[in-house]
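Remember, predicted model here, so these are calculated numbers, not experimental data.
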Amino acid sequence: MKKISMLSAWQDGGGMECSMEKEKNVKARGQISRYLKWPLYFNLFWMIITVITYFLDVKAGIVMTASLLVYVAVTIGIYFGFKPAIIKKLMDFGAEYSQVQRQMLHEMEIPYGLLEENGKVLWTNEELDKMFLGKNIRNKSISTIFGDFKPEYLEFEENGRNEFNIEYEGCVYRIVLKLFALKENIGDSQLTLLEEDTGSIISMYMFDETLIHQLSKENKDEKLVTGHIYIDNYDEVLQSIEATRRTLLVALIDRKINKYFSQYDGIVRKLENDKYFVIFKTKYISKMQTNKFAILDEVKTVNIGNGLPITISIGIGMGGDGLVESYDLAGTAIDMALGRGGDQAVLKDGNKVYYYGGKSKTVEKNTKVKSRVKATAFRDLIETKEALYIMGHHIGDNDSFGAAIGFYRIGKTIGKEVHIVLGEVSSSVVPMVNVFKESDIYEDDMFITGPEAAAEISRNDALIIVDCSRAGYTEYPELVRRAQCLIVFDHHRQTTDVIDNAQLSYIELSSSSTCEMVVEIMQYIKETVKLTKPEAEALYGGIMIDTNNFTNRTGVRTFEAAAYLKKNGADITKVRRMFRDDISDYKAKAAAIQNTEIYLEEYAISICRAEGVSSPTVVGAQAANELLNVKNIKASFVCTPYNDQIYISARSLDKINVQLIMEEFGGGGHMNLAGAQVKDRTVGEVVLMLKQIISKRLEEGEI
């Protein structure tokens, strides 16, 4: 769009400027002339007063007439005598002032320019020209001059002002753009020859803030970062070597940790035998991220005969307003690292969380001290509550259902009113649920729905969440928000959206299942918990399904829990018979296995359609388990479309961490057993994303 002739005069200095100056002078002369004539207009007023005076008193009228004649003569003389000189002086001043204004704008020490609405440069001052080393940038688009310039910078809100930063030639500039609507501001003046009624120009101011940004970066880099370092398996490693070598082993670990952080000017202080506190500057964080916190792998090289490799967890907090806030963030980070199984570093930068490591399999804890402590705390907490509500995850499986049954019996033993929140469950759970519903020894309100529980729960009640630590994955998330007292029991790795306001949280990754944890808890309740036969079988079924018939993630404590349930009447043959596959499930599983694609020669990826199957997600999980039996397969992924979502079941052998892959989809789980639910994607898109994530993780060496 062509702009105003005034802009052309600024750029070219042609005759238009002279004509505009003349027009300005003419207009100014008229205004000044009208102003100087006011004494003449006042003569008329005195004439009227003189006439009125004659009616009142003739002598006074004569005096007024004489005075009026003198006044008129003086005013006319002054007007015609001084008018040309006054106008000339005023016009000379105006012209000089306008010239000074224009010169000041051109010599202004701030780079300044005028742009068209589309970003084309119309006019620049000397400072802006100096920025470009004398290059003529007029009539060029601002987006071609600054590579980082975005089109939305030329889109203005009601205030007509945009402000942003741009880097140019190693400098950082704060640019302010102001929209100037010519028609609105100048009106119908002939000074503007607009071709459009809505014509506008943009004024551009540039402020060099390079020094400010440098100082800001230096200030940020010099900020102190706090961190916690825990040795995950301290007791287990010491027990695996001779007593005479234990001091040497601890010294070697200390040396590794101190040496790593000393290269970043860090200060390490040992708080306990297996706990350290570290502090260093923010500027070194990027280097640690680049080497993916190499200390995680370095400590594993310490071996003086210990049967177990040493693993550590690191929690680092940064981005807080001060050391206290950073320390709190570090505490949250180390809790997340431990909750995810250890052998990893968690960096919490304000609300952002970054994970590094986590490749090792969780070491089973042989001691049951933690179970005893949690059991005591759980007993003391629910003692003060009137009723207990127990809830698992959405589409409950045998582990969540069995754990709920276990806590139901504990609550009843203590004498509390107990309800299990139950919704849609997998097909393998249905026979077990029917056993309880058809039994005469259980109340009719043993099982209730999520909305019913939300309507009944009060501030004196407790909500126990089992086999899940994420509010969004529970059977009825609204109930989590309404509950005043939350208790969480889970055996999955924590994620960023974990329930963080629970009064009691027991997350044990080394446990094979939540049912195993519940069995240990009930053995430490001071009241003797007597399980009925169906209850023992429900708990046993949860352990059996989660361990794939005791072949995955089993330890000494797993078999001890199974033995305890056997003593309490669990019929193992009946449980196995109850969980046998339906022929349609078996065919769907076989079809999924048959259509498996082997990606990169080691990763099995399949789609489980499972139309007409009562529980497609269970079939998909079973297919993923079966694919691990194929030679050379390190990990299997089965995608199951169900209820407008894609359910991914991921399984792996020891060295592949499928949990990290599932976290990319917003899911989680364990190192060797994980899953995710994906919305608003087709199966083909999910499979493609899965391949891309696997390739990316392999390149980065994270799986």
Side-chain angles (χ1 to χ4, degrees), residues 214-234 250-300 302 310-360 469 493-502 505 507 509 663 702:
Q214 287 177 349
L215 294 175
S216 176
K217 185 178 184 302
E218 289 177 9
N219 179 56
K220 182 180 178 181
D221 288 344
E222 294 298 314
K223 265 191 172 183
L224 294 178
V225 174
T226 59
H228 296 286
I229 306 171
Y230 288 5
I231 302 176
D232 300 322
N233 50 355
Y234 181 81
V250 173
L252 290 173
I253 297 172
D254 292 348
R255 184 174 180 275
K256 285 283 186 184
I257 294 174
N258 279 280
K259 183 179 178 181
Y260 178 79
F261 285 99
S262 65
Q263 64 182 318
Y264 303 115
D265 293 335
I267 299 174
V268 180
R269 290 293 178 266
K270 191 168 186 175
L271 305 178
E272 298 178 25
N273 290 334
D274 58 346
K275 294 180 176 64
Y276 303 82
F277 177 75
V278 62
I279 188 168
F280 54 93
K281 294 178 181 178
T282 304
K283 64 182 179 181
Y284 296 114
I285 280 289
S286 59
K287 295 181 180 178
M288 294 181 183
Q289 290 176 307
T290 301
N291 63 40
K292 301 184 184 301
F293 290 87
I295 185 63
L296 295 171
D297 294 323
E298 289 178 13
V299 295
K300 295 176 185 176
V302 177
I310 300 157
T311 65
I312 62 173
S313 294
I314 303 174
I316 295 176
M318 61 181 290
D321 293 333
L323 274 177
V324 175
E325 190 171 341
S326 294
Y327 180 82
D328 293 338
L329 291 172
T332 304
I334 193 65
D335 289 341
M336 296 183 69
L338 295 172
R340 289 165 55 84
D343 185 30
Q344 59 192 281
V346 175
L347 171 61
K348 188 163 178 58
D349 184 1
N351 294 325
K352 298 178 181 177
V353 182
Y354 304 93
Y355 303 102
Y356 302 90
K359 303 176 186 178
S360 298
S469 59
R493 292 193 178 199
Q494 295 184 41
T495 56
T496 52
D497 56 346
V498 66
I499 298 172
D500 56 2
N501 60 336
S505 181
I507 299 177
L509 277 76
E663 283 182 346
E702 295 185 2

How about Asp265 and Tyr284: does a side-chain donor come under 3.5 Å of a side-chain acceptor?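 There is such a pair between these side chains.
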
Quick one: are [X] and [Y] in side-chain contact, heavy atoms under 4.5 Å?
| X | Y | answer |
| --- | --- | --- |
| Ile314 | Leu296 | yes |
| Phe280 | Ile316 | yes |
| Asp343 | Lys300 | yes |
| Tyr276 | Ile253 | yes |

Contacts of [X] that satisfy side chain to side chain donor-acceptor pair (under 3.5 Å) - sequence neighbours left out:
| X | answer |
| --- | --- |
| Lys275 | none |
| Ser313 | Asp232 |
| Asp500 | none |
| Gln289 | Tyr356 |

Rounded distance [0.5 Å steps], [atom1] in [X] versus [atom2] in [Y]:
| X | Y | atom1 | atom2 | result |
| --- | --- | --- | --- | --- |
| Met318 | Ile285 | CE | CD1 | 5.5 Å |
| Tyr355 | Lys348 | OH | NZ | 8.0 Å |
| Asn291 | Asp297 | CG | CG | 10.0 Å |

If you look at every heavy atom in [X] and [Y], which pair is closest and at what distance?
| X | Y | result |
| --- | --- | --- |
| Gln263 | Tyr260 | CG-O, 2.8 Å |
| Asn233 | Ile310 | OD1-CA, 3.9 Å |
| Ile295 | Lys256 | CD1-O, 3.5 Å |
| Phe277 | Gly227 | CD1-O, 3.4 Å |
| Asn501 | Ile499 | OD1-CG2, 3.3 Å |

Donor-acceptor list for residues 217-225 side chains, cut-off 3.5 Å, not counting sequence neighbours:
residue: Lys217; atom: NZ; partner: Asp221; partner atom: OD2; Å: 2.9
residue: Glu222; atom: OE1; partner: Lys281; partner atom: NZ; Å: 3.0

Should Leu323 and Ile279 be marked as a side-chain contact (heavy atoms from CB on, under 4.5 Å) after you check the CA-CA gap, both sets of side-chain angles, and the distance that decides it? CA-CA 10 Å; Leu323 274 177; Ile279 188 168; 4.1 Å; yes

Name the atoms and distances for all side-chain donor-acceptor pairs under 3.5 Å in residues 324-335, with sequence neighbours left out.
residue: Glu325; atom: OE1; partner: Asp321; partner atom: N; Å: 3.2
residue: Ser326; atom: OG; partner: Gly322; partner atom: O; Å: 3.2
residue: Thr332; atom: OG1; partner: Asp328; partner atom: O; Å: 3.2

Please determine whether side-chain contact (heavy atoms from CB on, under 4.5 Å) holds for the pair Met288 and Phe261, giving the CA-CA distance in whole Å, both sets of side-chain angles, and the decisive distance to 0.1 Å. CA-CA 10 Å; Met288 294 181 183; Phe261 285 99; 3.8 Å; yes

